[in-house]
Amino acid sequence: MGFWWDKVGIFAVLVLLCIFMSIMAPYFLSIDNGLNVARSVSINAILAAGMTMIIITGGIDLSVGSILAVSGVTGVLLFVAGVPSPLALLGGVAAGALAGFINGAFVAWLALPAFIVTLGSMTYLRGIAYSLLEGQPLISSDLGYRAIGNGAVAGIPTPVVVMVVVYLVFWFILERTKFGRHVYAVGGNMEAARLAGINVKKVLLAVYTIGGAAAGLAGIIFSARVLSAQPTAGQSYELDAIAAVVLGGTSLMGGRGRVIGTLVGALIIGVLTNGLVLMNVPFFYQLIVKGVVIVIAVAIDSLRRFGKSGT
Amino acid sequence: MGFWWDKVGIFAVLVLLCIFMSIMAPYFLSIDNGLNVARSVSINAILAAGMTMIIITGGIDLSVGSILAVSGVTGVLLFVAGVPSPLALLGGVAAGALAGFINGAFVAWLALPAFIVTLGSMTYLRGIAYSLLEGQPLISSDLGYRAIGNGAVAGIPTPVVVMVVVYLVFWFILERTKFGRHVYAVGGNMEAARLAGINVKKVLLAVYTIGGAAAGLAGIIFSARVLSAQPTAGQSYELDAIAAVVLGGTSLMGGRGRVIGTLVGALIIGVLTNGLVLMNVPFFYQLIVKGVVIVIAVAIDSLRRFGKSGT
Amino acid sequence: MDQVLEDSPLLEVRGISKRFGATQALSDVSFDLRPGEVHALMGENGAGKSTLMKIIAGTYSPDSGSIHMMGNQIVMASPRDAMTAKVGIIHQELNTFPEMSVAENLAVGNEPTTSFMLNRRKMISDAREKLERVGAVNIDPRTPIGRLSVGMQQMVEIARAVAEDVKVLVLDEPTAALSMSESKQLFGLIHQMRDRGMGLIYISHRMEEVWELADRVTVFRDGKLVGTKDMRAAGRDAVSPNDIVRMMVGRDVDDLYGREERELDKVRLEVRDLTDGGAIGPVSFDVRAGEIVTMVGLIGAGRTEVGRLLYGADKVAAGTISLDGRQIRVRNPGDAVAKGIGMLPESRKDQALFLEMSVRDNTAMSTLGAFSTFGVLNFRRMKSKVDEIFTSLRVRAASQSIESRSLSGGNQQKLVLGRLMLEKPALMILDEPTRGVDIGAKSEIYRIIKEIAATGTAVLVISSDLPEALGISDRLLVMREGRIVAEMDAQSATEEVVMEHATGVYADQNPRMTHEQP
Amino acid sequence: TTGDETDANTPGEGKAKVESVGLMLQDISNPFFAAMQTSMTEEAKKQDFKLNVQDGRQDLAAQNDQIDAFIQQGVDLILINAVDSEGIASGVARAQAAGVTVVAVDVDATGADAAVTTDNVEAGRLACQSLVDKLGGKGNILIVEGTPTTAPQERVKGCEEVLAKNPDIMVVGRQAGKNDRASGLALTTDMLTANADVNGIFAINDPEGLGADLAVQQAGRDGIVIVGVDGSPEAVLALKDDKSNFWATPAQDPGGMALKALEVGQEIVGGNKPADRVTLLNPTIVDRDNVGEYGGW
Ligand SMILES: Nc1ncnc2c1ncn2[C@@H]1O[C@H](COP(=O)(O)OP(=O)(O)OP(=O)(O)O)[C@@H](O)[C@H]1O
Ligand SMILES: Nc1ncnc2c1ncn2[C@@H]1O[C@H](COP(=O)(O)OP(=O)(O)OP(=O)(O)O)[C@@H](O)[C@H]1O
Ligand SMILES: [Mg+2]
Ligand SMILES: [Mg+2]
């Protein structure tokens with residue numbers, strides 16, 4: 001079953017899950033609810049897109065949730081300070097990119113393990129998000145770029161549109177560009193990449209910066225969605241993002257993975273969360289079901305590996 | 001400077017930090033405060049001991065915080081149900097070992113990535129901890145084994161004594177037994193370990209079970225310390241534990257690491273937290289300082305690698 | 001030798017088949033090994049030799065067939081079972097624990113204990129003993145094995161397998177990373193073991209070795225056993241290397257090296273007093289356009305290091321490098337590629353290949369810039385160029401999109417060569433270009449190297465295979481302890497002379513060399 | 001939407017039959033909010049309506065998604081206990097646009113049809129006034145704050161108002177915990193080390209206050225007065241315990257508050273808007289002297 005399952009694997013899990021939910025949860029199967037799921041998935045999916053690229057290089061970014069907070073806060077602060085809203089929006093994204101760049105600098109130049117670098121930045125960036133606002137959320141009901149969180153384009157919620165665009169861009173970068181090949185090469189075999197003449201440090205730096213920018217964009221959407229700067233935003237989002245990436249078949253060892261898989265992974269988590277709410281499952285049991293499904297999903301997905309290696 | 005720094009590296013960071021704190025924070029340098037730090041470090045240190053062994057095999061355990069909660073709840077529930085307190089205590093530890101065993105089973109038998117398996121179990125075990133108590137903490141002021149959290153042996157707080165014993169045991173296992181060698185071998189080169197006739201699956205299973213038992217013990221201490229079963233206990237403790245392990249020089253790639261380093265890593269985090277509170281640094285700035293120090297500490301520590309490779 | 005023993009084989013496999021996904025690695029293979037013999041296995045890359053050995057060693061379980069030891073059927077379900085049955089194996093790929101010391105590596109899986117505690121002292125003394133047995137006395141058991149060169153690590157692996165009290169020993173290309181003198185040491189050991197009545201299975205792509213060691217030679221092709229030649233029974237003269245090559249490749253490879261005269265042009269590479277500031281150098285030498293110069297020496301002589309310095313993979317402390325008369329500074333490999341230097345690294349698996357990426361990506365990896373506009377890849381251009389390269393190198397791959405992991409060693413090596421050819425470098429450094437490559441592929445690689453040289457590229461080869469070095473080069477540079485100790489014309493050099501310079505032990509005081517460097 | 005219409009509960013004057021209710025809590029792991037869940041679950045059984053309870057995990061985006069899911073389910077009434085009172089505004093507006101009545105519980109929500117809240121500022125005031133009185137208007141105190149969300153921050157604000165009027169009270173340490181017992185214990189232990197002379201502690205809720213109590217007992221310090229906020233069952237136990245240093249807690253009634261919000265919501269659905277948009281339930285102080293009269297949650 002090798003090839004077929006390889007392509008389909010986790011997607012089949014998503015389809016099964018949707019069928020199950022359609023039967024169990026009234027209201028699940030409707031266009032409106034589909035859009036709800038897509039909208040609620042969008043933030044995690046955008047974080048996970050950047051995370052995919054980082055994980056393909058064999059790294060990880062635990063700080064995405066904190067970057068989201070810092071970027072959201074920056075964007076709102078800029079807007080409130082009178083900066084035109086497109087610039088405020090870009091400022092937020094840039095703050096994310098800068099935070100990612102700093103992560104990348106430690107990983108690329110000092111060759112520190114990404115896990116601990118981003119564990120550190122997860123902590124200090126959270127602190128920065130708090131201290132920018134002295135711990136208080138900052139409400140901005142007339143936020144200039146509120147549409148990016150609450151609007152819709154031709155009936156599709158804007159966050160969903162942004163998410164789709166982000167995925168197209170990431171897919172293009174990873175599949176169709178020289179840089180994308182280099183990302184896979186660095187993750188697949190860093191020493192070989194270096195000896196093949198690839199500037200490994202530059203690739204790593206770029207990847208963390210892009211990941212930071214994606215988290216920054218997610219932060220902008222978050223703040224537009226809640227019309228305020230929230231220093232507590234995005235706590236523990238990194239785990240959902242990583243779960244989406246891994247469910248999507250990207251290897252934490254690096255060198256292998258596809259951003260489309262990540263989208264499917266994010267949708268699985270989103271459908272699960274949404275479906276359990278619609279089914280009125282008590283919160284505690286939601287956690288149990290969610291945890292078990294995550295494990296089962298990767299277990300099912302791993303079947304293809306068994307199929308392939310023949311052992 | 002190779003060898004010398006190799007041995008001393010992170011320990012020097014700890015000493016520097018202590019000197020800094022002694023100057024900045026009055027009361028830091030006192031026996032009482034030293035015991036405070038040790039006591040407050042003990043839970044994280046015990047989690048981190050188990051984590052060290054798991055990370056040496058190239059794995060990770062994100063579920064330790066949730067295991068801590070489940071074990072703590074189990075212990076208190078058993079006690080409240082009338083089970084003699086030594087048995088209740090053991091029951092809690094056994095619950096942790098069981099949870100670890102299940103993690104290990106997925107990792108060893110199905111060869112699933114530890115990150116996602118334990119991300120899943122982190123979620124479902126938290127759900128189990130909640131549902132055991134329906135979300136409410138269970139207070140038990142006369143908890144039979146309260147001494148393990150609040151007592152003292154010859155002036156040393158019991159949790160600290162337990163911690164020291166745990167570290168001696170882990171040190172002994174890793175350094176002085178055949179099993180310990182096998183743990184390093186599995187993490188250093190899993191395929192080669194298999195070829196050398198090591199039962200890799202058994203080693204992995206054992207390591208996750210031991211890690212779970214350690215987390216269970218931490219859970220017992222936690223509940224004895226707060227005299228109650230807290231389903232929310234241990235949230236995000238996994239990150240502190242991993243930080244201690246990595247600060248202590250254990251490689252996340254597996255195959256290398258020492259439990260003594262982990263203790264030093266845990267102490268760094270403990271001293272930092274304690275010192276910042278003693279200095280009455282506001283919470284937000286604590287986060288910033290803590291994050292930055294973690295990054296700087298690994299950066300300093302990585303000097304030895306540069307010293308070694310000569311590049 | 002006892003007649004009964006002679007008749008009943010020590011080890012026998014019957015009707016073994018093994019399939020990996022779409023690949024039938026072995027089909028219905030029966031094979032036996034007698035006590036007191038060296039049974040050589042030969043065959044092209046991917047013929048199934050290692051797979052059969054892994055089945056014998058309990059690493060893989062066969063889809064069908066059975067294994068017998070001294071007449072009794074046994075089950076080899078895990079490497080443990082093989083150990084219990086006293087079957088030892090030296091795997092083709094290194095299986096070391098890079099973070100552990102040599103002593104710990106030697107002990108893994110069999111750690112000495114007193115009561116239940118590790119006995120570290122015994123571990124070290126055991127290690128000394130084991131290393132001594134294979135003549136690797138210069139290796140300190142306490143060194144982390146990761147710091148040793150590949151060749152040294154291979155010696156440790158041999159020590160580990162040999163030290164076991166084994167009845168059957170499998171050696172899967174043990175000399176691929178060894179140079180002449182270590183190989184000689186190993187051969188002595190093999191002779192001893194054979195004389196003690198052990199059975200040895202020896203896999204190699206080097207005909208000279210097989211000729212020296214083997215009592216019987218069995219040839220594999222496409223997962224099937226083609227035939228066995230009994231050289232002890234028939235006598236060595238009854239069989240010729242060419243018979244075996246024909247069984248392997250299905251055709252004659254009459255002139256492996258295809259020696260021919262080449263036109264040498266002006267000096268392309270000029271190296272003066274190059275050093276890493278440590279054990280390597282200073283070295284000075286030239287390579288001319290169209291010339292093939294080979295660096296030879298014992299393992300650890302520093303040849304790889306010199307190559308890496310030229311390529312910018314390691315830091316140069318002092319000295320100059322000039323290309324086409326212009327002095328250049330090479331800061332890193334990317335810089336080297338940009339300035340016209342290409343390198344095929346020593347270990348293709350660790351340093352060259354992206355195993356999970358397609359063969360196309362692997363081939364084009366260093367020259368993606370040439371296939372893209374504003375960073376966007378032009379797949380059609382890439383595909384046709386790679387096609388071109390594959391045709392000229394005769395790469396055997398089902399398609400350009402299959403993972404490079406699934407290619408045989410020889411074909412993988414060709415991928416990396418193809419990568420270099422796309423770079424069109426002025427200087428090409430080839431570190432062990434035929435390591436682990438079968439004889440058919442070897443002859444093709446030699447042809448390719450010569451074609452490359454013919455285009456005016458300066459080719460610097462590093463090789464531990466002396467016949468190869470003598471066969472393909474114009475000039476030899478002999479290295480010892482980080483320096484070039486001799487330079488000679490390859491036409492007139494002999495293995496003996498090269499060995500004398502490489503080891504520093506001179507048999508006669510009249511070496512046939514052109515000149516000796518200080 | 002439920003097929004079997006029973007007339008078990010007769011709609012009173014203007015009270016409409018509400019068939020399904022969504023209850024959104026900011027953090028079920030906090031016993032205070034869990035108590036709301038408990039009382040609502042019982043009430044749902046009694047009145048026979050469908051109840052869907054969701055945990056916000058202190059995450060505003062998650063609460064936004066939950067509102068969308070509730071709209072999808074077609075609930076009649078959402079009782080919302082928001083992580084942030086203003087940040088939830090856009091979600092509230094979406095629900096109302098979909099014809100769902102929204103009533104805020106405990107924490108006001110901008111734009112909600114009505115709100116039933118405790119005055120958290122007042123709770124902070126009461127707690128600290130009680131502390132100040134017990135200390136006789138002077139002494140050194142510690143403040144154990146909580147997570148940076150609306151309710152804990154308002155309580156600190158109320159406390160600071162009282163302290164501003166009592167210049168002889170010195171705040172010698174303030175640290176933010178995670179609203180739970182363990183962080184109250186850990187932070188207080190360290191703050192006690194740094195301050196030899198501490199007379200009182202204000203914690204923003206009972207779990208943190210009780211953690212601080214454990215810290216004081218373990219440090220072997222006497223005569224430290226501790227106040228919390230909530231009036232939780234554990235706090236009541238502590239108030240009755242001689243060893244405890246816990247002195248007072250402004251009691252709120254989470255379960256009652258949720259039921260009140262339900263009632264207000266049912267009225268609105270039935271067409272009776274309450275006169276005041278906000279129903280304030282004022283906390284009452286429970287201390288060692290009057291704990292016998294306190295009914296508890
Ligand atoms: N684990 C595996 N998974 C999939 N295919 C495999 C695996 N191991 C070997 N093969 C395939 O089986 C075939 C036989 O491989 P094997 O390694 O036995 O060849 P070999 O004769 O030892 O070649 P070489 O001389 O290059 O070492 C090859 O086609 C190889 O690609
Ligand atoms: N006896 C030894 N003990 C430890 N390390 C050694 C020893 N001999 C050589 N080395 C290591 O080997 C390296 C030099 O070998 P290098 O790989 O450059 O040589 P080479 O001639 O290409 O040999 P090889 O065939 O092994 O590649 C150095 O890094 C050196 O540290
Ligand atoms: Mg082979
Ligand atoms: Mg070499």
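Just so it is clear: chains get the letters A, B, ... in the order the sequence lines come, proteins before strands, and each one is counted from 1.
The contact between D:Ile28 and chain B is made entirely by backbone atoms, counting heavy-atom distances below 4.5 Å. Using a 4.5 Å cut-off between heavy atoms, B:Phe222 contacts chain D through its side chain alone, with no backbone atom that close. Proximity to chain D involves both the backbone and the side chain of B:Leu227, based on heavy atoms less than 4.5 angstrom apart. The part of B:Ile139 that comes within reach of chain D is its side chain, from C-beta onward, which places non-hydrogen atoms under 4.5 angstrom from that chain. Neither the backbone nor the side chain of B:Val37 has a heavy atom closer than 4.5 Å to any heavy atom of chain D.
Listed by chain and residue number, nothing satisfies the salt bridge (charged side-chain N to carboxylate O under 4.0 Å, His left out) test with D:Glu86 (two or more places apart in sequence, or in another chain).
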Which N or O donor-acceptor pairs, by atom type, sit under 3.5 Å across chain D and chain B?
{"residue": "D:Val172", "atom": "O", "partner": "B:Asn280", "partner atom": "ND2", "Å": "3.3"}
{"residue": "D:Arg174", "atom": "N", "partner": "B:Asn280", "partner atom": "OD1", "Å": "3.3"}
{"residue": "D:Gln175", "atom": "OE1", "partner": "B:Gln286", "partner atom": "NE2", "Å": "2.4"}
{"residue": "D:Gln175", "atom": "NE2", "partner": "B:Asn280", "partner atom": "OD1", "Å": "3.3"}
{"residue": "D:Gln175", "atom": "NE2", "partner": "B:Val281", "partner atom": "O", "Å": "3.1"}
{"residue": "D:Arg181", "atom": "NE", "partner": "B:Val226", "partner atom": "O", "Å": "2.6"}
{"residue": "D:Arg181", "atom": "NE", "partner": "B:Ser228", "partner atom": "OG", "Å": "3.4"}
{"residue": "D:Arg181", "atom": "NH2", "partner": "B:Val226", "partner atom": "O", "Å": "2.9"}
{"residue": "D:Asp190", "atom": "OD1", "partner": "B:Asn274", "partner atom": "ND2", "Å": "2.7"}
{"residue": "D:Thr193", "atom": "OG1", "partner": "B:Asn36", "partner atom": "ND2", "Å": "2.5"}
{"residue": "D:Gln218", "atom": "OE1", "partner": "B:Arg225", "partner atom": "NH1", "Å": "2.9"}
{"residue": "D:Gln218", "atom": "NE2", "partner": "B:Asn150", "partner atom": "OD1", "Å": "2.1"}

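Within 6.0 Å of the CG atom in D:Asp168, the count of heavy atoms belonging to other residues, nucleotides or ligands exceeds 12. Counting non-hydrogen atoms of neighbouring residues, nucleotides and ligands closer than 6.0 angstrom, the CE atom of B:Met279 exceeds 12 such neighbours.
Counting heavy-atom pairs closer than 4.5 Å to chain B, the top-ranked of the candidates D:Ala35, D:Ala194, D:Ala186 is D:Ala194.
For the pair B:Pro137/D:Pro207, no side-chain contact is recorded, criterion being any heavy-atom separation below 4.5 Å from C-beta on.
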